[in-house]
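Only one structure is covered here, and it is reproduced in the block below.
From a predicted model like this one, the values you see are computed outputs, not experimental measurements.
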Amino acid sequence: MTSLEVSEETEDSGPGGYAAARLLLLHEKERSGPPRRTALARLTDDWLAGLFTAAAPPRGVALVAVGGYGRAELSPRSDLDLVLLHDGSADKAAIAALADRIWYPVWDLGLALDHSVRTPAEARATAGEDLKVHLGLLDARPLAGDHGLVAALRTAILADWRNQAPKRLPELDELCRERAERMGELQFLLEPDLKEARGGLRDAQVLRAVAASWLADAPREGLDAARRRLLDARDALHLTTGRATDRLALQEQDAVAAELGLLDADTLLREVYEAARTISYAADVTWREVNRVLKARSARPRLRALLTGRAGSGRAGAGKPPVERTPLAEGVVEMDGEVVLARTARPERDPVLPLRAAAAAAQSALPISLHAVRHLAATAKALPVPWPAEAREELVTLLGAGEATIPVWEALEAEGLITRLLPDWERVRCRPQRNPVHTWTVDRHLVETAVRASSLTRHVGRPDLLLVAALLHDIGKGWPGDHSVAGETIARDLATRIGFDRTDVATIATAVRHHLLLVETATRRDLDDPATVRSVATAVGTVGTLELLHALTEADALATGPAAWSSWRASLVADLVKRVTGVLAGETPPDPEAAAPSAEQERLAIEALRTGEPVLALHTEPLAAEPEEPEPVGVELVIALPDQPGVLPAVAGVLALHRLTVRAADLRAVELPAGLGAGPGPVLVLDWRVAAEYGSLPEAARLRADLVRALDGTLDIPARLAEREAAYPRRRGLTAPPPRVTVAAAGSHLATVIEVRAQDAPGLLHRIGRALEGATVRVRSAHVSTLGANAVDTLYVTRPDGGLLPDEEAIDLARTLEAALR
């Protein structure tokens, strides 16, 4: 028995019958998507019409569905948007009683209801005051009662909308912009709101309203399919959560994907992003046309008056002045604020024309017209492989235009031109990045990186290689395995396709393969270790490639998100580049073992040996600070104390208690020259870079007092950290993956390099230090890197006698650390 048959049998049995039929319909696996939404709307129509009829309504009354219900787009948990429309002739008490006979059964079933009771005049007046009401009434649909009353209202509402379009559409445009600013862009959000985010269902509704104004129309291709895809996702979200929610939270995505029959959550997000991109692009094109038409309309009366005044006789038959067409490039002109093709352009004979038009548009900071892009997509001849030099130069020009590149690139991508030019682009298109550090999808991140790189082209000898490497650096993320390794092969093929010679292809491939090398080495390795610098020099090969990688590193980080770059990271990368440049020039890196302590370190060491207690200096001036720094750069903290067990966990624990974030830590035993007046014995000097998690830095005296207590055992750091963690309940969210500890192969000739990847948390370095103390190894230096919720801590450790750990011992230490951090 189908749900509709159930509804027919139970139609007279009241809310219970409707509820049973509704439940059966929602659990029909063979019917989903538009057919289920239509069936649910029809079932609800019949039930509400029955309630209306059973209430014996007076003449001149109708029950009307508006908004999404008016469009018959009911998701499982959608609100019912209803208007009880009456002509004003019936008694108010009778109308109120009728409304109660309809509203209360809806509420009794627990359905959300947006309701109103109005005359046609009241409905028009409210619509004139409230834009959202006007939009809802554009989709008014009669359910029961006086259909003529509803038809008259629809006609009046639509006429009002068209007459008021010059005023209402700019207001609607502003509302859309405010909503986009508040909710973000659906196509880039890890937890998007399917309705309110830019490119969502609300924007699809807005495009319908703009089309109804007759002022402009949206590109129709793919728009209905995109809206259906988002509606299907919302249906599945309602069914899997049992809630009226439009937010596609991370923890719900696997279940929603399964409900839709998709492979996994990434496949779901990619389909949602593609739909949102289609709607966003259609909105961009539509609003640009609306603004162009409104501008032309406002200018027309002034122009007519001007022409009439000149003519003297007021020639009524005078035609429009010719539209100005300004040449931009061969076959490309500007017309009416857009880039269009010249009348003489022949895309079928000119394969470079798409790139030439795109480059001209970006360089002029103008949009490329929808008609021009579609004409190019339909008729342009494919580029030969390898590309001619002109095509390569136009691509570089397009990438070097800065922010203006993005809308032009999006226009080409919307019509399939990008994947035609770069076939491997299809694998990264709309691909999500499940890392909160990343702001964009993979494809948009690549374009954003090229935009960032365009401002760094004066820093390199080959700007063209920088821009293309920026565009391709993450192209391997569409393939399994290490994306840098896969990307090297793909970049080599694409660079050859684009027409670079063998040497340039090798340089681009090297840049893609090692695009993370500088930042990862600078933040996770000991730069004083000659092996670190030599390994980078070997990988890079030439000063020119190093220069290219330096700029690419900055562009990549800036395009990733605010957590990926800071003055602190920039200074570390610059220091590494300086050292590697020296090695490539033939210089020998200094031996860190032979480096003498600084004057301050020596002074503190002498004082520590003299007193037998910790001595510290906290420099309160930030290191290389910049205005509005997204990540605290930090200050220098130097500690000297007689060498003894438990120093690293004690210092790390005290810093965690004082809410200081550790950026880097260098630990070294200092041998003091004889005759300085200090007592015998080794002294340990710790040079830390720390930043206040929030608020101001603590006083040095308080740090020292707590450090003394931590070392003598009177300050129980683990207990204090546990108390603080217990005071703040854990937030809901995904369970963090377990920590992972590895041994870096051939990382250093001076120490064994251990890399810890774990969820960032207060006291993490303290816990690591405690585990290392139990393993009886000496920590030479520590380098801390935090990206979002992920910490990557690199530790240089030796045996107590200063020797490297044998391979087996190093692996055992990694396992011990991993177990201690679980």
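Here the closest non-hydrogen pair linking Asp146 and Gly60 is OD2-CA, 3.9 Å. In this structure, Arg101 and Ala54 approach most closely via the heavy-atom pair NH2-O, 3.4 Å. Smallest separation of non-hydrogen atoms from Ala372 and Val339: CB-O, 4.1 Å. In terms of heavy atoms, Ala244 sits closest to Arg77 at CB-O, 3.4 Å. Across every non-hydrogen atom of Ala282 and Leu207, the tightest pair is CB-CD1, 3.8 Å. The shortest non-hydrogen separation linking Leu230 to Gly199 is CD1-O, 3.6 Å.
Salt-bridge formation is not detected for the pair Glu196/Arg182: no Lys NZ or Arg NE/NH1/NH2 atom is positioned less than 4.0 Å from an Asp or Glu carboxylate oxygen. Taking the charged nitrogens against the carboxylate oxygens, Arg234 and Asp246 do have a contact shorter than 4.0 Å, which makes a salt bridge. No salt bridge links Asp46 with Arg42; every basic N to acidic carboxylate O contact stays at or beyond 4.0 Å. Using a cutoff of 4.0 Å between basic side-chain nitrogens and carboxylate oxygens, Arg168 and Asp160 are not scored as salt-bridged. A salt bridge does not link Arg36 with Glu28: none of the charged nitrogens is closer than 4.0 Å to a carboxylate oxygen. A salt bridge links Arg71 with Asp139: the closest approach of a Lys/Arg side-chain nitrogen to an acidic carboxylate oxygen falls below 4.0 angstrom. The pair Arg277-Glu410 does not count as a salt bridge, with every side-chain nitrogen at least 4.0 angstrom from each carboxylate oxygen. A salt bridge is absent between Arg198 and Glu181: the closest approach of a Lys/Arg side-chain nitrogen to an acidic carboxylate oxygen does not fall below 4.0 angstrom. Between Arg59 and Asp87 no salt bridge is recorded (no basic side-chain N to carboxylate O distance below 4.0 Å). Look at Arg292 and Glu338 and you find no salt bridge, because none of the NZ, NE, NH1 or NH2 atoms lies under 4.0 Å from a carboxylate O.
In terms of modelled atom types and a separation under 3.5 Å, the side chain of Glu122 and the main chain of Thr119 share a donor-acceptor contact. With hydrogens and angles ignored, the 3.5 Å screen pairs a side-chain donor or acceptor of Gln253 with a backbone N or O of Leu190. For the pair Trp161 (side chain) and Ala209 (backbone), a donor-acceptor distance under 3.5 Å is present. Distance alone, capped at 3.5 Å, is enough to place a donor-acceptor pair between the Thr405 side chain and the Leu398 backbone. Side-chain atoms of His445 come within 3.5 Å of backbone N or O of Ala559 as a donor-acceptor pair.
Arg444 and Gln433 share no donor-acceptor pair across their side chains, judged by distance under 3.5 Å alone. Of the N and O atoms on the side chains of Thr441 and Arg431, not one donor lies less than 3.5 Å from an acceptor on the other residue. No donor-acceptor contact under 3.5 angstrom links the side chains of Tyr273 and Asp443, judged on distance only. Between the side chains of Thr44 and Tyr69, no donor N or O sits under 3.5 Å from an acceptor N or O. The closest side-chain donor-acceptor pair between Arg243 and Thr245, if any, does not fall under 3.5 angstrom.
Taking the ring axis of Trp479 as reference, the NZ or CZ atom of Arg427 stays within 45° of it and closer than 6.0 Å to the ring centre.
Thr419 pairs by the side-chain hydrogen bond (donor to acceptor under 3.5 Å, both in side chains) definition with nothing, not counting sequence neighbours. For Arg162, there are no side-chain hydrogen bond (donor to acceptor under 3.5 Å, both in side chains) partners two or more places apart in sequence or in a different chain.
Note that the CG atom of Asp235 and the OG atom of Ser32 stand 8.5 Å from one another [nearest 0.5 Å]. For the atom pair Trp287 CH2 and Leu169 CG, the distance stands at 5.0 Å (nearest 0.5 Å).
Using a 4.5 Å cut-off on side-chain heavy atoms (C-beta onward), Pro120 and Leu85 make contact.
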